[in-house]
Structures are given as structure tokens and as C-alpha cells.
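Counting starts at 1 for both ligands and their atoms, in listed order.
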Amino acid sequence: MNPNPLPLDDLVPEYIRHFAAYIPSKPDDELKKLYGCDPLYRLNNNENPLGPPPAARAALKDFAPYKAAIYPSGDAWHLRRALAQKFDLEPDQFLVGNGANEVIAFVIKAFCQEGDNIITADKTFAVYEWIAEFSGFNARLVPLKDFSFDAQAMLEAIDERSKIIFICNPNNPTGTYWHKEQLTNFMERVNGRQIVVIDEAYCEFVEQDDFPDGMKLIRRYPNLVVFRTFSKMYALAGLRIGYLAGSMDVVDIIRRTCVVYSVNTLAQSAALKALNDDQHILRTREHVKAEKARLLPHLKSLGLEYQSGEGCFVMIKLPLSDTLAYRKLMGRGVMIRSMTGFRYPNWIRVSIGATAAMSAFAEALTELINSHKGIT
Ligand SMILES: *Cc1c(COP(=O)(O)O)cnc(C)c1O
């Protein structure tokens, strides 16, 4: 046995010592035991209840097990060619990662060094902030204004050590978006001095005419980097695959920080098949629209404030603590996202799931609100 205690205080950087690990939810079988519920509806991760597009399902079913022994394409060769064709860019303008989560880390590693900072909102997808902080970089969090990214305040937050600005468009969790002119005005004012990341994880859900397509702006703004994912619309979250696109010069830099072979063979072939299924997008949009049309009037009838915009999720303000609501709803077999972690105490976010799941949620929520009224 080693007689010396581990000198963790000396080994561990201060910014790691102060960083709390993210604790993911337990697997379904454990949760069902813990909360005594069955079935369990997961409405916490914005997953697509329709599942993967048919051609992607077929690719998964036809996967030959012997291929598991072979390393995948290290740079998603065929997928990048398909992406280039779809978006009218060059294959080398794309980098594919183990989920969009991984490409966030690629960009931060490529551009930040000691003393640098990144800029994003206080109430948005938290992974930009987390990766910056546990890598030792300051994340400057600019408050949302009317549930939306505040362009003016973000520009004012820029200093000489700011390297990357992260905009989530549309924003998770508020569903707001910058229209085309807002985004191009912002790009003009940044004027190429920083990298601007537009995270378009939910862009395929948006039907508004004035919604900007980041892919079409890359030629005009070489400092623009666009994130997309196969996890949400394309329903491949379990396979972990997402990507970024940017100008050749910027992508040449980011490529140096990529982890080779991080994207598995199965994910690459399913994504390749999913990419051009527009029917799947239309079907999913119809489902989301129909379920929102059922949910929102119900929330109104319960007297609840909500925030619903683009994307496959709705935020709801509760008259009780969101963490208490989480436990109560779990008892009824419905998992939602409590939003204290998003800096929205007393709010929850519910994903638009299958019809049966949404009915179970509506029923459980009604009961929760009524019993809360009963005790106050
Ligand atoms: C889900 C999500 C991602 C990441 O998805 P991956 O599963 O890592 O591809 C990125 N950004 C936003 C805003 C998301 O909601």
C-alpha cells in the first residue's frame, strides 16, 4: 500500500477543484425501482419520439457485426462528402464529432489559451460554459433579454481576451431566435475579431421565413462556425454524432484539436442515410405542432405561465419548486427537466414526446397543480 496520501491539492488545477461534475440521470430500470413507476416517459432530453428516419433504421439493422472489429473512418469521409453536397460547401469545411457536445470542446481548445474568455448567455445550453470553465477559461454570461440573446450586451461584454461567442439559435431552453437581420447585424459589428459559433441544434424544427441558415452565411463571414447535430431532429442521440462547419481556414485550425476515431461506424452510416430524409422532418414538425396545440391550451387552463417558441420543447413556470415537481412527476412516471440548473428556478422544461407521453404529462401536471393549490 502507498503510505503517502494522494497530494490532490497539488495535482489538481484550481478550476477543476471548484468544478462540480454533471450527474446524469440513472437508467430507466433503476429509476422505475426508485420512484415505483412503470412505464417511465422521458421528456427531459428533447429526443424525437418518431425515432430515426426509415433509411437510417435500415442501415442500423443491416450493420454486419464483424465490422465492429474494424476502426471507423477517422474523419467521417463519406458523411463529410454528403454534407458538402447538401450545403454546397467543401468536404474539408466540416468536422464530425461524437455529438455536437464534442465539437464544442474542439473549438474551445483550438482558440483559447490561459487568460482568455468566451461569451455566451446566462440561460442557454450550459455545455459551452462548462467546457470553458473546466478548461480554465472564463465564461462571460450575458443575461437574456425578453428570453432572447441580447446582441448589444454581448458586444459590450467583448474584451481583448474574448475568443469565442456562442449563440444558440433557436435557443434551448427558451425557443427564441435571432432572425436573419439580427444575426447579420451582429456579425457585422463583431467584424471578424472573434469566432462566432451559431449552435443550430434545433434549426430543422424551425419553419419561420426569417430564420437564418448559418450554412449560407459561412462564405460571407469566415469567422462564423455552425454547429448541427443528428441527436434531435434525426433521432440518433444514442449513437452520438454531430458536426461543425466553417470557413476552410478556421476549420483547418480546429481540425488540429479533433479526437480521431471518436465517431463510430454505426453512427456514421446511420447519419449518412438520415441526412436527406425530408419526409421525416415534415412528419416530425407535424407531430410537434399537433402536440403543442394540445399542451398549450391545457397549460393556460391550469393558469400556468409558459414560454414556447421554436424547437421540440416548452418551458413552464410552476407555483412550486422545480426540484420538488421533478420528484412528484417522476412518481407519476414522467421525467421532465428541472430548470434550476439553467438558472430558471421554479421552471421546468418538457420535451414534446409521443402522444401517450404527453397525455401522461398533462394528467400528472394537473394533479400536481391541483394538490399544490389544495395545500396553499
Ligand atoms: C442537444 C443539444 C446539443 C448537443 O447534442 P449532441 O447530442 O451532443 O449532438 C447541442 N446544442 C444544443 C443547444 C442542444 O440542445
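- Asn171 and Thr124 are linked by a side-chain donor-acceptor pair at a separation below 3.5 angstrom, with hydrogens and angles left out of the test.
- Listed by chain and residue number, Tyr234, Tyr243 satisfy the ring-ring contact (aromatic ring centres under 6.0 Å, His included) test with Phe230 (two or more places apart in sequence, or in another chain).
- Each of Val225, Leu217, Leu224, Ile164 was compared with Val196 under the side-chain contact (heavy atoms from CB on, under 4.5 Å) criterion, and only Leu224 meets it.
- Each side-chain hydrogen bond (donor to acceptor under 3.5 Å, both in side chains) pair with one or both residues in residues 258-269, not counting sequence neighbours, appears once here: Glu102-Ser262.
- Aromatic ring pairs are classed by plane angle as parallel below 30°, tilted from 30° to 60° and perpendicular above 60°; the pair Phe147 and Trp347 is perpendicular.
- Pocket lining of ligand 1, defined as residues with a non-hydrogen atom under 4.0 Å away: Gly99, Ala100, Asn101, Phe125, Cys168, Asn172, Asp199, Ala201, Tyr202, Thr229, Ser231, Lys232, Arg240.
- Remark: Phe313 engages Tyr202 in a ring-ring contact (aromatic ring centres under 6.0 Å, His included) (not counting sequence neighbours).
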